[in-house]
Structure formats: structure tokens, C-alpha cells
Novice: 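Pasting in a structure now, in C-alpha cells, and then I'll have a few things to ask.
Here the structure is a predicted model, which is why all the values come from computation and not from measurement.
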Amino acid sequence: QVQLVESGGGSVQAGASLRLSCAASGRTFSSYVMGWFRQAPGKEREFVAAINKSGSMTYYADSVKGRFTISRDNAKNTVYLQMNSLKFEDTAVYYCAAGHRIAISLEDYSYWGQGTQVTVSS
């Protein structure tokens with residue numbers, strides 16, 4: 001089992017950058033695929049990005065491709081989401097999740113953090 005804690009959210013203006021972190025407990029972090037999802041008010045939770053166990057392969061939603069970068073440091077049990085050129089529509093609660101294969105479906109991830117709020121003003 002793994003516990004996930006996100007941090008790094010905040011309120012910024014459009015065009016700014018933020019870096020989210022997700023710290024995982026336990027000794028098996030490197031055995032999990034990690035993903036980032038987000039949920040805006042009144043909308044369903046959606047896939048943002050995912051990274052494989054070694055960090056050699058990444059996958060992004062079209063809406064964030066070229067602006068967001070997912071990475072991981074297995075020595076620190078942490079996954080990151082660097083968000084550049086933020087837009088108003090990026091406003092959401094961002095969640096990290098752990099699973100066993102790269103996927104865009106929520107059902108493929110077994111463990112979830114509590115989320116961190118990102119608010120982008122235009």
C-alpha cells in the first residue's frame with residue numbers, strides 16, 4: 001500500500017508556472033506507474049499526465065501537452081508536475097495517483113492523494 005500527499009498548489013495569474021509535488025510513503029514507490037489528474041468545479045476528474053516506473057516514458061493529455069511536464073525521483077519517492085504557461089482553464093484540484101500501468105482511466109489507479117488546489121486567474 002502507498003500513501004500519497006500532494007503539495008505546491010496555489011493561486012497564480014495566467015502565464016505563470018507552478019510545480020506540484022506528490023510524496024509517497026512506503027518502499028515500493030518505484031514499482032508504481034504514477035499519474036496526475038485534475039477536477040474542475042462541476043466537472044468530472046480527468047487525466048493530465050502519467051509516467052512509467054523508471055521515468056523513461058511519459059504520456060500527456062492533449063490539453064496540457066507542451067506546457068506540463070511530469071517527472072519522478074524514485075530515490076525521493078516523489079513525482080512532480082511542472083506546469084508552465086498556465087491558463088484559466090487549468091484551474092482545478094490536482095490529484096496524484098499510483099497504479100500498475102500507464103492509463104488515462106481513473107479505474108486503473110489504485111491509490112490517490114487528497115488533492116491540491118490550483119487557481120489561475122485571467
Side-chain angles (χ1 to χ4, degrees):
Q1 191 170 358
V2 60
Q3 293 182 323
L4 305 172
V5 179
E6 302 95 335
S7 61
S11 296
V12 297
Q13 292 192 330
S17 298
L18 278 176
R19 188 176 81 154
L20 306 183
S21 299
C22 173
S25 65
R27 298 175 295 175
T28 59
F29 175 74
S30 61
S31 66
Y32 289 97
V33 166
M34 298 300 297
W36 284 97
F37 290 76
R38 67 185 182 186
Q39 188 167 16
K43 294 187 177 181
E44 294 186 349
R45 194 170 300 189
E46 64 176 7
F47 171 80
V48 175
I51 189 166
N52 70 343
K53 299 173 185 179
S54 67
S56 63
M57 185 169 65
T58 57
Y59 188 77
Y60 298 93
D62 288 342
S63 59
V64 306
K65 200 171 294 183
R67 299 188 298 122
F68 290 11
T69 302
I70 187 171
S71 61
R72 68 189 296 162
D73 185 338
N74 286 342
K76 295 182 178 180
N77 283 8
T78 302
V79 61
Y80 305 97
L81 185 68
Q82 177 67 43
M83 306 186 294
N84 297 330
S85 303
L86 282 162
K87 304 177 181 179
F88 174 76
E89 50 265 39
D90 293 321
T91 296
V93 177
Y94 283 71
Y95 300 88
C96 70
H100 291 287
R101 66 187 188 101
I102 285 195
I104 64 172
S105 172
L106 277 69
E107 289 73 22
D108 286 299
Y109 293 84
S110 303
Y111 303 103
W112 293 83
Q114 83 291 346
T116 185
Q117 176 71 47
V118 172
T119 302
V120 184
S121 57
S122 57

Novice: OG1/Thr28 to CG/Asn74 distance, rounded to the nearest 0.5 angstrom?
Specialist: 11.0 Å

Novice: Between atom CZ of Arg19 and atom OG of Ser71, what is the distance when rounded to the nearest 0.5 Å?
Specialist: 7.0 Å

Novice: Is Tyr80 reachable from Val64 through a run of I, L, V, M, F, W or Y residues, each pair having side-chain heavy atoms under 4.5 Å apart?
Specialist: no

Novice: If you define the side chain from C-beta out and look only at heavy atoms, does anything of Ser21 sit under 4.5 Å from Lys76?
Specialist: no

Novice: Provide the closest heavy-atom pair for Ser122 versus Ala14 in the form atom of the first, atom of the second, distance.
Specialist: CA-CB, 4.3 Å

Novice: Looking at every heavy atom in both Ser85 and Ser17, which two are closest together, and how far apart are they?
Specialist: N-OG, 4.2 Å

Novice: Nearest 0.5 angstrom please: Glu6 CD to Leu20 CG, how far?
Specialist: 8.5 Å

Novice: The test is side chain to side chain contact (heavy atoms under 4.5 Å, CB included); show your working for Ser30 and Lys53 and say whether it passes.
Specialist: CA-CA 5 Å; Ser30 61; Lys53 299 173 185 179; 5.9 Å; no

Novice: State, to 0.1 Å, how close Val2 and Ala24 come at their nearest heavy-atom pair, and which atoms those are.
Specialist: CG2-CB, 3.7 Å

Novice: Kindly check if the number of other-residue, nucleotide or ligand heavy atoms within 6.0 Å of CD (Glu89) is above 12?
Specialist: yes

Novice: Determine whether a donor-acceptor pair (N or O, by modelled atom type, separation under 3.5 Å) exists between the side chain of Thr58 and the backbone of Ile51.
Specialist: no

Novice: Side chains of Val5 and Gln3: does their closest heavy-atom pair fall under 4.5 Å?
Specialist: no

Novice: For Gly55, is there any backbone N or O sitting under 3.5 Å from a side-chain donor or acceptor partner on Arg72?
Specialist: no

Novice: Once you round to the nearest 0.5 Å, how far does CG of Leu18 lie from OG1 of Thr116?
Specialist: 9.0 Å

Novice: Do Trp36 and Cys22 have side chains that get closer than 4.5 Å, going by heavy atoms?
Specialist: yes

Novice: Would you say Glu46 and Arg38 make side-chain contact, with heavy atoms under 4.5 Å?
Specialist: yes

Novice: So which atom in Phe29 and which in Val79 form the shortest heavy-atom distance, rounded to 0.1 Å?
Specialist: CZ-N, 4.0 Å

Novice: Decide, yes or no, whether a salt bridge links Lys65 with Asp62 under the criterion of side-chain N to carboxylate O below 4.0 Å.
Specialist: yes

Novice: Considering all heavy atoms of both residues, which atom of Thr69 and which atom of Tyr60 are nearest to each other, and what is their separation?
Specialist: CA-OH, 3.3 Å

Novice: What residues join Val33 in its hydrophobic cluster, counting side-chain heavy atom gaps under 4.5 Å, either direct or through other members?
Specialist: Phe37, Phe47, Met57, Tyr59, Val93, Tyr95, Ile102, Ile104, Leu106, Tyr109, Trp112

Novice: Enter the distance from Asn77:CG to Met34:CE here, rounded to the nearest 0.5 Å.
Specialist: 9.5 Å

Novice: To the closest 0.5 Å, what do you measure between CG (Leu4) and OG (Ser25)?
Specialist: 7.0 Å

